[in-house]
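All residue numbers in this chain count up from 1 along the given sequence. Note that the structure is predicted; figures quoted are calculated from it, not measured.
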Amino acid sequence: MDKQIGFKIVGLRTEQFATLEENFVEKKKSEVITDLEFRANKESHQIGVFSTFTFKIAKKPFIILQISCHFMITDESWESCIDGSTATFSKDFMTHLTVITIGTARGILHSKTEGTSFNRFLLPTINVTELVKEDVKFIFQNNEEK
């Protein structure tokens, strides 16, 4: 059984947002490309989940959204996951943080496109277990992640 990891959300950021109307072609099929990155800070005991969503038509992006959610891990939980210069967090825990981040991105996308013709484009349901396939290890050198 997975150990319980204590955490709280301490920050949300819209890292990047753009609508590229010149690349949008009505009546063509669109696709959404999802990218995911994890970052950690050993000193502050924080994990950042960065999600990028690129809506494309004919291989050209017409909406780009990158957001980050920042999570503070409790001192006790952080210490239980760190071994020397490596912190390891379970696939299940990182999947949970990713689900929170993607849900947040849905709301940000709606808010940013509200009142525009792009508001009809929603983030589809995403099988996060396909994005987070294994435990996540952060290796630190001089308190900075490498």
With sequence neighbours excluded, residues passing side chain to side chain contact (heavy atoms under 4.5 Å, CB included) with [X]:
{"X": "Ser80", "value": "Lys3"}
{"X": "Thr19", "value": "Phe17, Ile63, Phe118"}
{"X": "Val136", "value": "Phe38, Met94, Phe138"}
{"X": "Thr34", "value": "Val32, Phe53, Ile126, Leu131"}

At their closest point, which heavy atom of [X] faces which heavy atom of [Y], and how far apart are they?
{"X": "Leu123", "Y": "Ile102", "answer": "CD1-O, 4.1 Å"}
{"X": "Ile57", "Y": "Ser30", "answer": "CG1-CB, 3.6 Å"}
{"X": "Asp135", "Y": "Lys91", "answer": "OD1-N, 2.8 Å"}
{"X": "Gly6", "Y": "Ser77", "answer": "N-OG, 2.8 Å"}

For this session: Decide if the gap between the ring center of Phe121 and the ring center of Phe24 is smaller than 6.0 angstrom.
Result: yes
For this session: Answer yes if the ring centres of His96 and Phe7 are under 6.0 angstrom apart, and no otherwise.
Result: yes
Problem set entry | Members besides Ile64 in its Ile/Leu/Val/Met/Phe/Trp/Tyr cluster (side-chain heavy atoms under 4.5 Å) | Leu20
Problem set entry | Members sharing Met72's hydrophobic cluster (side chains within less than 4.5 Å) | Val10
Problem set entry | Residues in salt bridge (Lys or Arg N to Asp or Glu O under 4.0 Å) contact with Glu15, at least two apart in sequence or another chain | Arg13
Exercise. Taking only residues two or more places apart in sequence, or in another chain, which ones meet Glu37 in a salt bridge (Lys or Arg N to Asp or Glu O under 4.0 Å)?
Worked result: Arg39
Exercise. Hey, is the main chain of Thr101 close enough, under 3.5 Å, to the side chain of Arg106 for a donor-acceptor pair?
Worked result: no
For this session: Please answer whether the main-chain N or O of Pro61 pairs with a side-chain N or O of Asn23 as donor and acceptor at a distance below 3.5 Å.
Result: yes
Taking side chain to side chain donor-acceptor pair (under 3.5 Å) as the definition, give me every residue that meets it alongside [X], ordered by chain and number, with sequence neighbours left out.
{"X": "Glu26", "value": "Arg120"}
{"X": "Asn119", "value": "His110, Thr113"}
{"X": "His45", "value": "Asp75"}
{"X": "Thr104", "value": "none"}

Would you call [X] and [Y] a side-chain contact if the rule is heavy atoms closer than 4.5 Å?
{"X": "Phe93", "Y": "Ile47", "result": "yes"}
{"X": "Phe89", "Y": "Leu97", "result": "no"}
{"X": "Val49", "Y": "Leu36", "result": "yes"}

Supply the atom-to-atom distance [X] [atom1] to [Y] [atom2], rounded to the nearest 0.5 angstrom.
{"X": "Thr74", "Y": "Gln4", "atom1": "OG1", "atom2": "CD", "result": "10.0 Å"}
{"X": "Lys137", "Y": "Cys81", "atom1": "NZ", "atom2": "SG", "result": "11.0 Å"}
{"X": "Gln16", "Y": "Ile67", "atom1": "CD", "atom2": "CD1", "result": "12.5 Å"}
{"X": "Glu76", "Y": "Ile5", "atom1": "CD", "atom2": "CD1", "result": "10.0 Å"}
{"X": "Gln46", "Y": "Phe71", "atom1": "CD", "atom2": "CZ", "result": "10.5 Å"}
{"X": "Ser51", "Y": "Gln66", "atom1": "OG", "atom2": "CD", "result": "8.5 Å"}

Do you reckon [X] sits in the same ILVMFWY cluster as [Y], going by side-chain contacts under 4.5 Å, direct or chained?
{"X": "Ile108", "Y": "Ile33", "answer": "no"}
{"X": "Leu109", "Y": "Val99", "answer": "yes"}
{"X": "Ile9", "Y": "Val128", "answer": "yes"}

Problem set entry | Aromatic plane relationship, Phe140 with Trp78 - under 30° parallel, 30 to 60° tilted, over 60° perpendicular | tilted
Exercise. Yes or no on side-chain contact (heavy atoms from CB on, under 4.5 Å) for His70 and Phe50, after CA distance, side-chain angles and deciding distance?
Worked result: CA-CA 9 Å; His70 303 269; Phe50 292 74; 3.8 Å; yes
Problem set entry | Glu22, CD: over 12 other non-hydrogen atoms inside 6.0 angstrom | yes
